[in-house]
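Input: a single structure, listed below in structure tokens.
In the text below, chain A, chain B and the rest are named by the order of the sequence lines, each starting its count at 1.
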Amino acid sequence: MPELPEVETIKNDLEPHVTGRKIKSVTLLWERTLQQPSKEEFERIIKNQKITGMDRRGKYLIFNLESGYKLIMHMRMSGSLMLGHDNPPPHTRTVIHLDNDTEIYFNDPRKFGKIQLVKDCQCVLGKLGVEPLSDEFTILALTEILSKRKSPVKSVLLDQCLIAGIGNMYADEALFASKIHPTRHTDSLTGEEIEALHRAIQDVLRLGIKNKGASVTNYFRPDGETGTAHKQFKVAHCKDKPCPVCRTPLERIRVHQRGTYFCPNCQKEK
DNA sequence: CCCGGAACCTGAAGGC
DNA sequence: TGCCTTCAGGTTCCGG
């Protein structure tokens, strides 16, 4: 499931191959992937657009087009992008044909992924919260974010309106690294714990990017390689393994409707 | 505001 | 082997 480090990796891998290229056309193989505008309008607007660069915001991937339009993608659960020449992998939902005979394949087995073509990003990205690796994400900013909710701390980390880009895996990793139980309510956290959480969020995301993302399920990089971030996960998807710190068997519970991995010894409920 | 649950989907995994 | 059920979790929407 692509989260911030996976999307950042896709962006970094893809950008040098597509910047300056012109989009000849786009083939929609599963039309519901396109959220807006209509198919006809989309195909008309995108034709012959030059890609001037790429950006990421939260878990969204953005292709900047010469006309000012933005092609925005969200991988949701199982989406990935691949580069190739006339060899779309199974579950390819959209093909972007570039002017050098290269093709970008939007591959998405579960069909949850979304593509949008808009003039103004704000209608798509406007509600997103702070970028956790930006200068704006200070300890004070996190303190204010946490004070806005009285829900379990994991729910807050997953709320894209508050902090953009953290998903299930990196939320668990950040909570483990800061020794905070995932169901702890935000109003019970001490200043020290908030400081530790702030650091942990940035650490786990940076490490994820450094390792080119985590390939736990469907995630592949555009060259078909997997990332290696999951190999360094301490708790995410590690049920019944011993805690790397204290050897207590890790547990899996359900928080915010998500499978949540944690160490019952290192991350006490109170 | 907050929470729980359903919907969107398919492939993998587990039970029998 | 094969059918069946359950599970995986990002986002949106809906009801309480």
Side-chain angles (χ1 to χ4, degrees), chain A residues 1-10 28-36 56-62 72-81 88-94 105-116 118 121 123-129 131-132 144-175 182-188 204-205 208 213-220 226-227 229-230 233 235-240 250-262:
Chain A
M1 321 104 232
E3 303 179 25
L4 186 154
E6 288 73 34
V7 180
E8 180 74 14
T9 300
I10 294 171
L28 296 166
L29 299 170
W30 175 257
E31 287 187 29
R32 295 176 71 172
T33 298
L34 179 64
Q35 212 162 17
Q36 64 169 323
R56 177 195 58 73
R57 175 82 171 93
K59 300 172 193 170
Y60 288 87
L61 190 66
I62 303 158
I72 302 180
M73 297 185 180
H74 197 299
M75 306 293 140
R76 294 279 180 99
M77 306 289 297
S78 63
S80 60
L81 292 178
H91 310 116
T92 296
R93 308 304 178 195
T94 301
Y105 306 115
F106 185 87
N107 183 266
D108 186 23
R110 291 179 66 179
K111 299 178 176 173
F112 285 163
K114 295 293 174 202
I115 295 178
Q116 313 188 50
V118 296
C121 290
C123 62
V124 181
L125 311 176
K127 283 189 231 157
L128 289 177
E131 277 294 320
E144 282 172 3
I145 286 164
L146 293 170
S147 72
K148 285 183 194 166
R149 294 274 194 280
K150 286 171 193 152
S151 43
V153 58
K154 176 155 178 180
S155 300
V156 173
L157 297 186
L158 293 175
D159 189 335
Q160 303 300 302
C161 301
L162 299 175
I163 306 171
I166 301 174
N168 202 38
M169 301 181 296
Y170 292 95
D172 284 356
E173 289 299 306
L175 289 168
T183 64
R184 283 276 300 283
H185 277 234
T186 47
D187 54 4
S188 79
V204 299
L205 294 176
S215 295
V216 166
T217 50
N218 295 289
Y219 168 74
F220 292 95
T226 57
H230 55 291
F233 280 165
V235 292
H237 296 268
C238 300
K239 185 174 183 278
D240 293 335
L250 298 175
E251 287 183 12
R252 183 177 184 276
I253 56 173
R254 216 150 172 88
V255 181
H256 201 82
Q257 328 243 94
R258 309 290 162 79
T260 298
Y261 301 83
F262 72 107

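Under 4.0 angstrom from either OP1 or OP2 of dC2(B) there lies at least one side-chain N or O belonging to R149(A). Contact check, S151(A) against dC3(B): a side-chain N or O comes under 4.0 Å of OP1 or OP2.
For the P atoms, the distance from dT11(C) to dG11(B) is 22 Å, rounded to whole Å. Comparing the P positions of dC2(B) and dG9(C) gives a spacing of 24 Å, expressed to the nearest Å. Distance noted for atom P between dC3(C) and dC9(B): 25 Å (whole Å).
With hydrogens and angles ignored, the 3.5 Å screen pairs a side-chain donor or acceptor of E3(A) with a backbone N or O of N168(A). For the pair Q35(A) (side chain) and T33(A) (backbone), a donor-acceptor distance under 3.5 Å is absent. Judged purely by atom type and a 3.5 angstrom limit, D108(A) uses its side chain to pair as donor or acceptor with the backbone of G113(A).
Among the atoms of the strands shown, none is found under 4.0 Å from any heavy atom of P90(A).
Among all heavy-atom pairs drawn from F112(A) and M77(A), the shortest one is CD1-CG, 3.2 Å.
Between the side chains of Q116(A) and Y60(A), not a single donor N or O lies within less than 3.5 Å of an accepting N or O.
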Annotated protein contacts, base or backbone, on nucleotides 9-16 of chain C with a non-hydrogen cut-off under 4.0 Å, one of B, S, - each | BBB-----

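Under the side chain to side chain contact (heavy atoms under 4.5 Å, CB included) test applied with L81(A), the options N107(A), L61(A), V7(A) reduce to a single match, L61(A).
Between the CG atom of D108(A) and the P atom of dT10(B) there is a distance of 10 Å, rounded to whole Å.
Checking dT5(C) for Watson-Crick or G-U wobble geometry (two distances, each under 3.5 Å) identifies dA13(B) as its partner.
Of the two residues near DNA chain B, R93(A) and K150(A), the one whose nearest nucleotide lies more 5' is K150(A).
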